[in-house]
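Structure record follows, encoded as structure tokens.
The chains referred to below are lettered A, B, ... by the order of the sequence lines, with proteins before strands, and numbering in each begins at 1. What you see is a predicted model; the values in this text were computed from it and never measured.
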Amino acid sequence: MDFIRAIINEELSMGKHGGRVHTRFPPEPNGYLHIGHAKSICLNFGIAADYNGLCNLRFDDTNPSKEDQEYIDSIMEDVKWLGFDWENRLYYASDYFEQTYRFAEELIKKGLAYVCDLSAEEVRQYRGTLTEAGKDSPYRNRSVEENLDLFRRMRSGEFPDGSRTLRAKIDMASPNLNMRDPVIYRILRSTHHRTGDDWCIYPMYDYAHPVSDSLEEITHSICTLEFEDHRPLYDWCLEKLGIFRSRQIEFARLNLSYTLMSKRRLLELVQMGIVSGWDDPRMPTIAGLRRRGCTPEAIRAFCDRIGVAKKDSMVDMALLEFHIREDLNVRTPRIMAVLEPLKVTIENYPEGQTEEFDIPFHPDDPSMGSRAVPFGRTLYIEQDDFMENPPPKYFRLAPGREVRLRGAYFITCTGVVKDPQTGLVTELRCIYDPSTRGGDAPDGRKVKGTLHWVSAAHAVPAQVRLYERLFLVENIGSECERTGRDYKDFLNPDSLRTLNGCMLEPSVKGAPPLSRYQFERQGYFCVDSADSKPDSLVFNRTVTLRDSWAKVEKTARVTRETPKAASKKSPAKGAPVPEITFDDFARLDLRVGRVLEAALVEGADKLVKLLVDVGEDRPRQILAGIRRAYPDPAALVGKRVVVVANLKPRAMKSGTSEGMILAGGSGDDWRVCTFDGEPEPGDKVS
RNA sequence: UGGGAUGUCGUCUAAUGGCAGGACACGAGAUUUUGGAUCUCGUUAUGGAGGUUCGAAUCCUCCCGUCCCAGCCA
């Protein structure tokens, strides 16, 4: 139960609105919908459904200079695709322009609105600041007659853009800036995508929105947190006009790690050509997710799972991926596709011979049926599935090793063919065991690895696009703020990898756009809706499979490389060190520490034991190999040092070291890094 | 330094004075013709200090952190 439904339950128990619940989803048609909008859509339509109520689709089209029919069309398509139906309740704020205008005249007649001749710049100056009250506009006390006359002439086009506004007369001293006589109409000559040039004045959101909600008798007007400060104005409009009282409720918008949710920035990515369009599969837009192969069910399940609250939050992209996998797992047929082919010749398989295996489309769902997969003497397997010198725990093919070809035979690698120039492996020679047909050995012997494969003679070539997260950092906004850099600096240069010459099993021939498959052992893939042709297929990777091998490999690599590359043996001066990404660097949690105590360690000729305050509830014990440079460690007490705070604690003979301090030097002479100044212990270092 | 919000596992979210629960992530194991899926088990949290109470995540006081607001955008 979220807090909004709790509010509704309470109202219902008091009999408010006679038990009626009516919500609305009110996008401005100035961009494509993204996953954040999906949250709002699921909320608004979901609440309506839960309470047997209704939800309207309303375009908040009060600013013609930014809006376009293209966006209206895409928004309707996306809401429908997500699985929601506004039935006959499609509305536009622009439908109410006449009524909205008449309400404004009413406010004038009640002495609650006035025409102001101040320029935009002057309005800003008169508004005051966060801490100082504003002052009244000199035009604030015009007579009702003069205001009415001026407002009518604004409408009829007598005055140039920006020369006058209609303002609500509230309180220039209000601590809430939104209540300091907000502008409710501006003069703006811009052709509206629906009303054309009928109007040259347009109502502002803060005024048009409550009026639209009220006219549609919306009971619950759900919007995001940043409008909390606008609620008093929302209520003011409805109260002063004496019309239906909708209730505004605010919730926290969705933030997703490794991506952006700002229409303005998404638009910029599109306009600068950083992505191919609003529906680029890397975009967090509904159109992008659809093209990538996401299902509406997955998005809805995700929206259900993240819940609704008022706390600012950052949802882990892994949660979205989980829901995508969960849904795709049960609905996609399996096929075999070799993305980076390595040729395999089965030496004891007769030349020219072919056979077919009947392999089910889904291991757990027989109702999906099966397909015939041809086999022959020449096959392709994945380059990653062979290693000449395999590390421990590598289950795949290696010289002399036997593995299973999925659904076919056991094969054993007997030879490796290399390019004489480059030394790269170009082909594998193998033999198969005819008695293992279907993939099981009659003698009961086991193999550790099962590989996917494609018959070279029957393979369907295709292009496959592999997508990674669009950005390198989890929280782009905070990273920009912290480093003062532009969000584009954090774009992932490897967010798209295009593979040509991928080899697919023939059952995919003629797959229509947006059809989805699991490529066994690889991930979920979807036929691209824009670029795929029946005779030249293009697939997008929706999401990888969970990959526990990748984890093993990663940790193995770290433990393999660390002792060599980053051990006490410092690299020679000027020695090349592999480049790291910013993301790699950001994994270090560097903190300011203040040395509280420092002492020599008995029986260790290099170590100094330090107690360092890093702003936590207790100081950390850190053992550092700096004794030669600091024979009297007391000199270190009080110094500010740089502490690697997220280093895994390390048990040593003389105690556990809970972190590391940075020092520079060579040989035995290592000097600790200090600060130019005295930052607080615990402060971030970057 | 004005006003408005908000702080619960690493992340998201429940618990309206009465056992801090779920999901993701992470870890261990079982199983497996996808290093997939499935199953089992596990680690980890109420921002801090006081107070009220038999009992506090919840109520009160103070402190701290974070977010939003000075468009004629929405």
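Checked for salt-bridge contact, A:Asp95 and A:Arg194 meet the test: a charged N lies under 4.0 Å from a carboxylate O. Ion pairing of A:Arg247 with A:Glu11 is present here, as a side-chain N (NZ or NE/NH1/NH2) and a carboxylate O approach within less than 4.0 Å. Ionic pairing of A:Glu382 and A:Arg396 is not present here: no N-O contact between side-chain nitrogen and carboxylate oxygen is shorter than 4.0 angstrom. Note on A:Arg58 versus A:Glu216: salt bridge recorded, some NZ/NE/NH1/NH2 to OD/OE distance being below 4.0 Å. A salt bridge between A:Asp50 and A:Arg5 is present, with a side-chain N of the basic residue lying under 4.0 Å from a carboxylate O of the acidic one.
Across all strands, A:Tyr394 comes closer than 4.0 Å to base atoms (heavy-atom distances). Using a 4.0 Å heavy-atom distance criterion, A:Arg334 is classed as a base contact. Residue A:Arg325 is out of contact with every strand shown, counting any heavy-atom pair closer than 4.0 Å. Counting any heavy atom pair closer than 4.0 Å across all strands shown, A:Lys393 reaches a base atom. The residue A:Ala6 sits close to a base: some heavy atom pair falls under 4.0 Å. Base contact: A:Arg406 has a heavy atom under 4.0 Å from a base atom. Contact annotation for A:Val308: backbone-only contact, meaning every heavy-atom pair under 4.0 Å involves sugar-phosphate atoms and none involves a base. Here A:Met1 lies in heavy-atom contact (under 4.0 Å) with sugar-phosphate atoms only. Within the 4.0 angstrom heavy-atom criterion, only backbone atoms of the sugar-phosphate kind lie near A:Phe322; the bases stay farther away.
With B:rU11, B:rA5, B:rG35 as the choices, the nucleotide that has an atom nearest any side-chain atom of A:Leu225 turns out to be B:rA5.
Rounded to whole Å, the separation between the P atoms of B:rC64 and B:rG55 comes to 29 Å. Taking atom P on both nucleotides, B:rU58 is separated from B:rC9 by 15 Å, rounded to a whole Å. Remark: the separation of the C1' atoms in B:rU32 and B:rC39 is 11 Å, to the nearest Å. Between the P atoms of B:rA57 and B:rG18, the separation comes to 10 Å (whole Å). Annotation: B:rU11 and B:rC26 have their C1' atoms spaced 11 Å apart (nearest Å). Separation of the P atoms belonging to B:rC19 and B:rA49 is 22 Å when rounded to the nearest angstrom. Separating the C1' atom of B:rU34 from that of B:rC41 is a span of 25 Å, rounded to the nearest Å. The gap from the P atom of B:rG27 to that of B:rU43 amounts to 16 Å, rounded to the nearest Å.
Here B:rG21 sits opposite B:rU13 as a Watson-Crick or G-U wobble pair (both hydrogen-bonding atom distances under 3.5 Å). Of all nucleotides present, only B:rC39 satisfies the Watson-Crick or G-U wobble test against B:rG29, with each distance under 3.5 Å. As the counterpart of B:rG7, B:rC64 is assigned, both hydrogen-bonding distances of the Watson-Crick or G-U wobble pattern falling under 3.5 Å. Applying the Watson-Crick and G-U wobble criteria (two distances, each under 3.5 Å), B:rG2 pairs with B:rC69. Nucleotide B:rC59 has B:rG51 as its partner under the Watson-Crick or G-U criteria, with both atom distances under 3.5 Å.
Between A:Ser313 and B:rU11 there is no side-chain polar atom (N or O) within less than 4.0 angstrom of OP1 or OP2. Residue A:Arg305 places no side-chain N or O under 4.0 Å from the OP1 or OP2 atom of B:rC24. OP1 or OP2 of B:rU13 lies within a sub-4.0 Å distance of a side-chain N or O belonging to A:Lys311.
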How does protein reach along nucleotides 69-74 of chain B, written 5' to 3' as B (base within reach of a heavy atom under 4.0 Å), S (only sugar-phosphate), or - (no contact)? BBSBBB
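Distance alone, capped at 3.5 Å, is enough to place a donor-acceptor pair between the A:Arg591 side chain and the A:Gly682 backbone. The closest donor-acceptor contact from the side chain of A:Glu122 to the backbone of A:Ser119 lies under 3.5 Å.
In this entry the base of B:rG71 is syn relative to its sugar, with a glycosidic angle within 90° of 0.
The salt bridge (Lys or Arg N to Asp or Glu O under 4.0 Å) test with A:Asp117 singles out one residue from A:Arg167, A:Arg140, A:Arg164, and that residue is A:Arg164.
Remark on RNA chain B: of its neighbouring residues A:Ala252 and A:Phe519, the 5'-side contact belongs to A:Ala252, judged by nearest-heavy-atom nucleotide. Between A:Lys551 and A:Asn329, the residue anchored closer to the 5' end of RNA chain B is A:Lys551, taking for each the nucleotide with the nearest heavy atom.
As a whole-Å value, the separation of A:Glu505 CD from B:rU34 C1' is 13 Å. Rounding to whole angstrom units, CD1 of residue A:Ile306 and P of B:rA14 are separated by 11 Å. In this structure, A:Arg546 places its CZ atom 10 Å from C1' of B:rC26, rounding to the nearest Å. Put simply, CD on A:Glu326 is 13 Å from C1' on B:rU38, counting in whole angstrom units. In this structure, A:Trp549 places its CH2 atom 11 Å from P of B:rG35, rounding to the nearest Å. Atom CZ of A:Phe3 is separated from atom P of B:rC12 by 16 Å (rounded to the nearest Å). Distance CG (A:Asp312) to P (B:rG4): 17 Å, rounded to an integer number of Å. Atom C1' of nucleotide B:rA37 and atom CZ of A:Arg331 are separated by 17 Å, given to the nearest angstrom.
If you check the side chains of A:Glu10 and A:Ser13, you find no donor sitting under 3.5 Å from an acceptor. Using modelled atom types, one finds no donor on one side chain facing an acceptor on the other under 3.5 Å when comparing A:Asn176 with A:Ser174.
A:Tyr185 and A:Phe151 have perpendicular rings, their planes meeting at more than 60° on a 0 to 90° scale where under 30° would count as parallel.
Residue-to-nucleotide contacts include a donor-acceptor pair under 3.5 Å from the side chain of A:Gln518 to the base of B:rU34.
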